[in-house]
> 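Have a look at the structure that comes next, please.
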Amino acid sequence: MTDTPAPRHIPDRLDKPLSSAVFSWEALLVVIAVIIFAVNSFASPYFLDPWSLSDLTFNFTEKGLIALAMALLIISGEIDLSVAAIVALASTMMGMAVQAGAGTPVLVGIGIVVGLGCGAFNGLLVTRLGLPSIVVTIGTMSLFRGIAFIILGDQAYKGYPESFAFFGQGYVWWVFSFELALFLVAALVYWFVLHRTSFGRKVFAIGNNPVACQFSGVRVGRIKFILFCLTGLMSGIASVLITSRLGSTRPSIAQGYELEAITMVVLGGVSILGGAGSILGVVLAAFIMGLVTFGLGLLNVPGIVMSIFIGLLLIIVIALPIVWRRLREGRFA
Amino acid sequence: AYAENVKIALVVKSLGNGFFDAANKGAEEAAKELGDVDVIYTGPTKATAEAQIEVINSLIAQKVNAIAVSANDADALVPVLKKAMDRGITVISWDSGVAKEGRQLHLNPSDTNLIGETIIKLAADYLPEGGDVAILSASSTATNQNAWIEAAKKVLPEKFPKIKLVATVYGDDDSAKSTDEAKGLLKSYPNLKAIIAPTTVGVVAAAQVVTDENLIGKVNVTGLALPSEFKKFIDNGASQAVALWNPIDLGYSAIYLAHDLAVKKEEAKPGATLSIGRVGKVTLDDTNSAAMAPPFQFDKTNIEKFSKIY
Amino acid sequence: MKNFLKYREIWLLAGVVVLIGLISTRFPGFADPANLRQVFNDTSILMILALGQMVVILTRSIDLSMASNLCFTGMVVAMLNAAHPAIPIPVLIVIALLVGLVLGAINGFLVWRLNIPSIVVTLGTLTIYRGATFVVSGGAWVNADQMSPDFINFQRAAFLGLPVLSWIAMIVIALFFLVMTRTAIGRSIHAIGVNPTASVYAGIDVGRTKFIVFCISGMIGGLAGYLWISRYVIASVEVANGYELNIIAACVIGGISIAGGIGSVGGAVLGALFLGIISNALPVINISPFWQMAISGSAIILAVVLNARGERRQGRIILRKAEAA
Amino acid sequence: MDTTAQRKAETQQPEPSGPAPSASPRLTLSGISKSFPGVRALHNVSLSLYPGQVTALIGENGAGKSTLVKIMTGIYQPDTGEISIDGQVTTLPSAHAAFGHGITAIHQETVLFDDLSVAENIFLGHAPRTRFGTIDWRTMRKNAREVLETMRAGHIDADARLKDLGIANKHLVAVARAMSIDARIVIMDEPTAALSMKEIEELFLLIEFLKSEGKAVLFISHKFDEIYRIADRYTVFRDGEMVGEGLLKDTGQNEIVRMMVGRNVDHIFPHREPKIGAPVLSVSGLSHPTEFDDIGFELRKGEILGFYGLVGAGRSEVMQAIAGITRTNRGDISLDGNTIAPKSAADSIEAGIVYVPEERGKQGVVIGLPIFQNVSLPSLTRTSKSGVLRLAEEFSLARSYTERLDLRASSLSQDVGTLSGGNQQKVVIAKWLATTPKVIILDEPTKGIDIGSKAAVHGFMAELVAQGLSVIMVSSELPEILGMSDRVVVMREGRIAATYDNKGLDAETLVRTAAGIAA
Ligand SMILES: Nc1ncnc2c1ncn2[C@@H]1O[C@H](COP(=O)(O)OP(=O)(O)OP(=O)(O)O)[C@@H](O)[C@H]1O
Ligand SMILES: Nc1ncnc2c1ncn2[C@@H]1O[C@H](COP(=O)(O)OP(=O)(O)OP(=O)(O)O)[C@@H](O)[C@H]1O
Ligand SMILES: [Mg+2]
Ligand SMILES: [Mg+2]
């Protein structure tokens, strides 16, 4: 009595109209970057100079390194506000090691290990005790930097070895700095991990529905813990670079970096609610922020006015696709 | 013509501070006097070394001829300033100094030891009997404040044996935190006779706290303050006197010296005596630093007049 | 079970009392009524701000721009006062409320109409509003000398033995209490945090309610702007820089769940008081200022851990129900 | 299906009560269309609701039923079409507007406020006010108690927090809310899916009550016995279009099914010749401090073991414990004779036990990810090579399982969030089947699934056990339990009440055991 119908065929994917690629987030960012680049070259005769362009990258490489890991963390639905404080603490520890006579390899090791340790501490609090990460890291942000203050007080550490200067000041080839090279390599690695591995897939899945992931046999806690460790690790690396670039350590180092790194991530199209985003977007956003700040710097625009531009850029870039879609649907209220 | 002018950047710790705005006045004055100078008045909005480095990087890219910087951090700026010097830019520091390797010369507003002594003396002058005093400083990382406090501590035992320094606290140049700290001082040390604040934000906060707690006449607030920002508290008696050097002269001298070094009119080396237009002459010590005039004292008799100038 | 929320506040209150007790062992005068009154007055602005932030957090949003709003509005009223000392203070306060309202409404509009997550919107306006302060003031400070005596002394005037500032804080607390427990909008704010989807189905306009909470936090930011500037008698671009995190920390310590839906006026007030006491007490008990940051950081972490304990779901308890039946 | 007939006989009523169908409709929808990006959910459909009558809305998964409900409650706006109430053309721009017209709905997914009290859940948005315009808490609690009383749900404490209530009671609160606003039109979107028989009975009494009060009721369900019992009229949707309407008493079930599916489906449970082998999974003395106690049973190779009980009996908790999601404090689980102690779902999946959860939205699908990524999520180790993804493998895995379950989707790259409730459930089942387990635990596998797909799921289950898998099926549907299981475990209040062989087992025994009433 029951007719058995042939199973319906479901295609892998529908042919997407070209417009969806043209209007993708990354395309929007590329357009913006090109426009800013053009405006900069037009507005300042000093902009189109290899050394200027090289100096420009220093405005974002360190924050960008942190932003790469932060992007994964935010995609998984968590956030880390303590990254700048981790930079400060790691730098302080490196400073202490210098006083004890440590050499460059040891210093780098200490920076990385301290970063990793702080990240693990955040990760433990969040995954073991099930606390909301935004609150935990507001706490550890004070705690980590507070420890740096307790250790250093009103002192500064200096006297870093000559060879240590390479990380923040050295060049790999011609105008290509070590920082830029490291940032690009790290971006490649993070791109691969996020978009091409099952680990990355799980990060996206967790950001969308952690409970269903747990039921699906994804070790949610472990992955989040790893992401916090990675963020700590990248902060540790950034700390090595900044400390090397400044050649000294004070507890107030890297103040406000957390918000800039998060701005980069969000500008890069990562959903702050988790579950969506791409590394390419974050890298483009890092370049855009560097272009904006450096370009305005060449015109001697005060930093605070630059920050207005960044803030506007953030809101406009996020609002643009929404407004555009509504206009097309003709239902803009 | 544009291309021939000497471009000198006056880099300050943070924009918006009245002290630096006054220094800029002096800088413009020097530029006019020298004729061939363009002054770029710039700096970060937040007084951090990182922000200042970004500013300096963009100045290097603009190929300025000279940079005159008041540093947020004596050491952190060294690498970037070295880079500037490598690219042929003249670098001097003024007001708040940079470590020796990072600049050609440093122009102290006044002699560090002298400032240290002055801030104590300002309190001691009104405390013939002696008594407890406390220092409310800016941020714990501020180079110049720390140097002055060190100097002050050194002169205390010999020159002011009756003055007892009971505490040093930091208000981070943040009015709210400075207020909290000042209140804390008054609570913890009921016998406190004076608060010394060698920073304009701190000194205003402390004076307001003393006014609010009805302690005028009991606790004297003193330190370093811009007359225009502090007049009110000299008038109401919360403070007897404060001191400061002339920021206009300081800005003037910084531009003047930077110009002379940039056009190779002068050379900075230990022992050299350099002339600074209307301000006079300074002599470099063996760290290539020079000190300008002693701090100038403001009290009821002259504050009215100076508050109109800076 | 109904008393659960009150329960948390009692614990918090106990925490505050213990804290005062501990401080008193090192500084005997601390628990004096006169001193406590002063602590309350010193914490007033933070309490007001925490209440404004609370309504936002309750709806699962966050307002990172409050401190920048405070800075901008404070600068505007200070400049107005410097230029026109004749404007009466109540008028200035109304202006401050309105300016704050406009800034809050901008946040609210972006959240409501464009559906941008509030953390992104306010991360943007955090820098924009502070930058705007620089633009309107040209970077110059407004200092004590430029402010009229009324401007400075209004909040300091004593009324029935308490400074006006304390009274303002108490009025704001009372207003929030009324709104949150006795009005439909208050319950809607709560409901949105508990379950936004259900709120839509229940006929609550979630977007508009979020707009309203941002307007509220904006007005609070504006009010605090005037209070802050007249209290610390300096208006600059750096005013209350980074203070947004203190405000959020006060809410967190007060047991307001960052995930929305859980929290009360009493909690926010006590949370602010807790932080206020710490920053008030550290200088007087001779703890090096360098310890302050680490201590308040640890307090925040401890508070979340304890709050999370209290919130942990107890499951359905099938067995016990079966026995009871 | 003797139980259905039995119950029908008991409550048989001479004629649908209320006014004659010729009475003017209270609500009329005409020419309604609604599209989502890439999907046409509704096309030119019409529907009328009459006072004092229950209209059943029938259709396959994804036919557009819930979408229509959302249009009627002001949550979605139709692209075209007209809504008229009492003959007056109107629009429903917001949920609030629908409220104003006395339209209220119990939605497919329960949408209430866990952290608010029962009274507040009932009155949120229309709380009684005092003279000063502030909320009158006392009157609110009093009214809440009254509403609950009239519904014969007086056992629910108006001051309790909703999260402390069981699922069935939550549903009653949702109904109370509908009652409290003096609704004239009540919509119920699959209200019985989460209820067990006892609560369904109560719900039906309530619907009768609503009818007698002259309310117009829209009732959505996939269960024909319910529809025939409670509804007067029907409207059938297929693929977003209206294909028929009329009086139920004039129309047979087969006819409706034909309208709905476009072909004949007679749901007979698949005929199986069970080849039961040695025990695969054995559980003994499994206990949880608060949820269940001393659970012991054996599952044998090639067996379907049914778990029956009233909703809230703790079956889900037991299964989640076996799957490593909930912690236990005592007891042993052994698989193929080896004791295992899974600490997470990952452990149990590795060991070969998978649990297909009941709450599809929360525990099942990952909304935001496309269908194929949902299906491959628990099997990523197989579809990737040393951690590197291989998309082709993922697509073919997803295709082979979803097509078998007759999933209706435009492509495998579609976000699962845009699927209808029933189709999401198919993705959930596909996802766990794809892990090729030894033991599969299905928790309410056909909840919310239409009649055609149900047959597909049941057929698949039969095939799996024929291949030597073992299945535990938790279900609150008696026909399903009786039709599919080889043996049946009955749970009551956190404990095993009895275990039966399904040979000549009758429904009444099961119901009595589950409710704790001696035979
Ligand atoms: N928000 C949405 N975005 C895109 N498509 C949607 C959305 N909501 C529903 N749809 C699509 O609209 C169609 C109708 O869905 P609807 O939920 O109304 O079905 P239903 O009849 O209630 O099915 P079920 O019996 O499974 O609950 C489906 O094809 C579904 O995929
Ligand atoms: N009041 C509640 N609070 C939180 N979760 C609940 C509540 N009631 C039920 N659940 C959850 O909903 C699911 C279904 O529970 P239910 O009441 O149906 O009991 P059950 O006997 O375990 O399951 P079944 O429906 O299979 O009989 C379970 O996962 C349970 O954890
Ligand atoms: Mg549906
Ligand atoms: Mg269940």
Side-chain angles (χ1 to χ4, degrees), chain C residues 1-5 7-8 58-60 174-175 177-209 255-257 259-264 310-325, chain D residues 70 73-75 94-100 104-107 109-117 120-121 123-127 129-130 132-137 157 159-167 174 177 181 287-293 312-314 317 326 491-495 516:
Chain C
M1 222 55 222
K2 200 182 72 186
N3 294 329
F4 181 68
L5 271 181
Y7 208 47
R8 187 208 308 280
L58 276 179
T59 65
R60 298 196 179 181
L175 271 178
F177 186 77
L178 257 181
V179 168
M180 289 314 294
T181 59
R182 299 280 147 177
T183 67
I185 179 74
R187 297 319 293 165
S188 301
I189 290 170
H190 218 100
I192 286 177
V194 173
N195 188 342
T197 324
S199 303
V200 173
Y201 288 4
I204 297 173
D205 190 334
V206 173
R208 207 173 53 106
T209 311
I256 290 151
S257 163
I262 302 173
S264 68
E311 253 168 62
R312 193 139 295 171
R313 308 215 162 214
Q314 286 144 14
R316 291 184 301 150
I317 324 189
I318 296 176
L319 290 175
R320 201 170 302 155
K321 271 189 200 135
E323 265 143 40
Chain D
K70 287 179 185 159
T73 48
I75 289 158
S94 68
H96 200 77
F99 236 65
T104 179
I106 300 160
H107 290 273
E109 326 281 339
T110 25
V111 275
L112 290 167
F113 304 93
D114 265 344
D115 269 304
L116 302 185
S117 70
E120 225 183 322
N121 266 289
F123 283 104
L124 195 87
H126 59 279
R129 307 290 178 86
T130 63
F132 311 107
T134 58
I135 292 174
D136 185 348
W137 286 92
D157 177 6
D159 291 334
R161 291 231 268 166
L162 194 80
K163 69 171 167 208
D164 299 319
L165 262 45
I167 278 223
R177 179 174 171 79
I181 51 173
S287 304
H288 182 280
T290 58
E291 308 299 317
F292 52 83
D293 190 38
E317 271 73 14
T326 317
M491 272 187 75
R492 172 159 51 87
E493 291 170 347
R495 292 184 174 84

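Since this is a predicted model, take the numbers as computed values, not measurements. Order of the sequence lines fixes the chain letters, A, B, ..., with proteins taken first and strands second; residue numbering starts at 1 for each chain.
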> List the residues meeting side-chain hydrogen bond (donor to acceptor under 3.5 Å, both in side chains) with T134(D), not counting sequence neighbours, and say none if there are none.
T130(D)
> Under the ring-ring contact (aromatic ring centres under 6.0 Å, His included) test, which residues partner F113(D), sequence neighbours left out?
none
> Is the shortest side-chain heavy-atom distance between D205(C) and H96(D) below 4.5 Å?
no
> Between R187(C) and L116(D), is the side chain to side chain contact (heavy atoms under 4.5 Å, CB included) condition met? List the steps.
CA-CA 10 Å; R187(C) 297 319 293 165; L116(D) 302 185; 4.0 Å; yes
> Give, as side chain, backbone, both or neither, the part of R492(D) having an atom under 4.5 angstrom from any heavy atom of chain C.
neither
> Closest approach of A95(D) and G203(C), non-hydrogen atoms and distance?
CB-CA, 3.7 Å
> How close do Y201(C) and F99(D) get, heavy atom to heavy atom, and via which atoms?
O-CE1, 4.2 Å
> Is H288(D) in contact with chain C via its backbone, its side chain, both, or neither, using a 4.5 Å heavy-atom distance?
backbone
> Between CD1 of I185(C) and CD1 of I135(D), what distance do you get to the nearest 0.5 Å?
10.5 Å
> For I204(C) and L124(D), work out which heavy atoms get closest and say how close.
CD1-CD2, 3.3 Å
> What option among A184(C), A191(C), G261(C) has the most heavy-atom pairs under 4.5 Å with chain D?
A191(C)
